[in-house]
> 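Quick one: this structure, given as C-alpha cells, is what I'll be asking you about.
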Amino acid sequence: MTEPTKDQKIWQVVAAIPAGRVASYGQVAHMAGLGRQARYIGRALGKLPEGHAIPWYRVIRSDGRIAFPIGSEAFEVQARSLREEGVEVVNGRVAMRRYGWNPSVPG
DNA sequence: GTGTTGACCCTTA
DNA sequence: GTAAGGGCCAACA
C-alpha cells in the first residue's frame, strides 16, 4: 500500500468539506500538509479525472471570491453548485463569514 | 540545466 | 470596503 500522493491527499481534504460549507485554497493546502503551496491545490483540482466525486466547487479564494473570472463557464458552474447547497453567492463572492468551513465546528 | 506559468496568499496603500 | 505589488513553490516547455 503506497502512501497517498499529494493530489490524492488534496482530494481527500476537499471531499471532507461538508455540503453547504466552503474552504479556501490555503486552508486545504494546510490541511493536506502542503503548507503554503496553495497554488498546488488549483493544479491538483485541474488534474481531477472524469467520474470523480470531488466537490471542487467548495474551494474558493481566501477573500471569499471564486477563483474564476465572473461570467466564465467554470464560474457559473461553481456558483450554481454552491447555491444548490445553500451557499449564497453574490457578485462572484461567498460570505465566508457564515459559510466558511471550520473543522472544529462541523455543520 | 534555465525560464515561464499558475483555479494563490499576504502586506500595504 | 477594494486594488496593486511582491513572494512562495511545484509543474511544464
Side-chain angles (χ1 to χ4, degrees):
Chain A
M1 194 56 138
T2 59
E3 294 184 4
T5 62
K6 290 187 209 133
D7 296 347
Q8 291 176 335
K9 199 82 178 178
I10 292 168
W11 301 340
Q12 189 174 351
V13 173
V14 175
I17 303 173
R21 298 263 145 152
V22 294
S24 65
Y25 287 90
Q27 190 173 2
V28 174
H30 185 75
M31 296 178 94
L34 298 178
R36 305 179 194 139
Q37 298 185 262
R39 294 176 136 258
Y40 194 90
I41 306 299
R43 196 172 295 274
L45 294 179
K47 292 196 290 191
L48 280 171
E50 293 183 10
H52 62 71
I54 308 300
W56 58 269
Y57 50 82
R58 289 180 194 155
V59 184
I60 57 179
R61 292 179 62 156
S62 60
D63 298 344
R65 286 198 231 167
I66 292 180
F68 296 106
I70 298 175
S72 64
E73 188 174 355
F75 172 87
E76 298 216 352
V77 173
Q78 184 168 11
R80 190 178 65 232
S81 298
L82 290 173
R83 282 189 196 139
E84 289 185 1
E85 296 190 345
V87 179
E88 191 176 1
V89 180
V90 180
N91 295 338
R93 188 187 314 176
V94 177
M96 280 181 60
R97 194 163 311 189
R98 290 159 63 179
Y99 301 106
W101 177 38
N102 189 339
S104 300
V105 184

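It should be emphasised that the depicted structure is a prediction, and the values quoted were computed from it without experimental measurement. By convention in this document, chain letters (A, B, ...) are assigned in the order of the sequence lines, proteins followed by strands, and residues within each chain are numbered from 1.
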> Whole-Å distance between C/dG7 P and A/Tyr25 OH?
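Going from A/Tyr25 (OH) to C/dG7 (P), I get 24 Å.
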
> Identify whether any heavy atom of A/Arg43 sits under 4.0 Å from a base atom; if not, whether one sits that close to sugar-phosphate; answer base, sugar-phosphate or nothing.
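Base contact - A/Arg43 has a heavy atom under 4.0 Å of at least one base atom.
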
> Which nucleotide in the list C/dC9, C/dG1, C/dT2 gets nearest to the side chain of A/Gln37?
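Among the listed nucleotides, the one closest to the side chain of A/Gln37 is C/dC9.
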
> Both A/Arg39 and A/Gln27 contact DNA chain B. Which one's nearest nucleotide lies toward the 5' end?
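Checking each residue's closest nucleotide, the 5'-ward one belongs to A/Arg39.
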
> Measure CD1/A/Ile41 against C1'/C/dA11 and give the value in whole Å, please.
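Atom CD1 in A/Ile41 sits about 14 Å away from atom C1' in C/dA11.
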
> When you get a sec, tell me which of B/dC10, B/dC8, B/dA7 is the closest nucleotide to the side chain of A/Ala38?
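Closest nucleotide to the A/Ala38 side chain: B/dC8.
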
> If I take atom CD1 in residue A/Ile70 and atom P in nucleotide B/dA7, what distance separates them, rounded to the nearest angstrom?
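Going from A/Ile70 (CD1) to B/dA7 (P), I get 17 Å.
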
> Find the distance A/His52:NE2 to B/dA7:P and express it as a whole number of Å.
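From A/His52 NE2 to B/dA7 P: 16 Å.
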
> Look at the side-chain N and O atoms of A/Arg36 and state whether any lies under 4.0 Å from the OP1 or OP2 oxygen of B/dC9.
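Checking B/dC9 against A/Arg36, no side-chain N or O comes under 4.0 Å of OP1 or OP2.
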
> Rounded to the Å, how far apart are A/Arg93 CZ and B/dA7 P?
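Going from A/Arg93 (CZ) to B/dA7 (P), I get 21 Å.
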
> Sub-3.5 Å donor-acceptor pair from the side chain of A/Arg21 to the main-chain atoms of A/Asn102, do we have one?
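Not at all, since once roles are kept as given, no pair shorter than 3.5 Å links the two residues.
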
> Over how many whole Å does the gap from A/Ile60 atom CD1 to B/dC9 atom C1' extend?
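Rounded to the whole Å, the gap is 14 Å.
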
> With a 4.0 Å limit, can you tell me whether A/Arg61 has a side-chain N or O closer than that to the phosphate oxygens OP1/OP2 of B/dC8?
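Checking B/dC8 against A/Arg61, a side-chain N or O does come within under 4.0 Å of OP1 or OP2.
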
> If you check the A/Ala67 side chain, which of B/dA7, C/dG1, C/dC9 turns out closest?
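Nearest listed nucleotide: B/dA7.
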
> A/Tyr40 side chain N/O closer than 4.0 Å to the phosphate oxygens (OP1, OP2) of B/dC8?
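Checking A/Tyr40 against B/dC8: no side-chain N or O falls below 4.0 Å of OP1 or OP2.
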
> Might you work through the side-chain contact (heavy atoms from CB on, under 4.5 Å) test for A/Ile54 and A/Ile10, ending with a clear yes or no?
CA-CA 10 Å; A/Ile54 308 300; A/Ile10 292 168; over 6 Å; no

> Would you call A/Tyr40 and A/Lys6 a side-chain contact if the rule is heavy atoms closer than 4.5 Å?
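A/Tyr40 reaches A/Lys6 side chain to side chain.
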
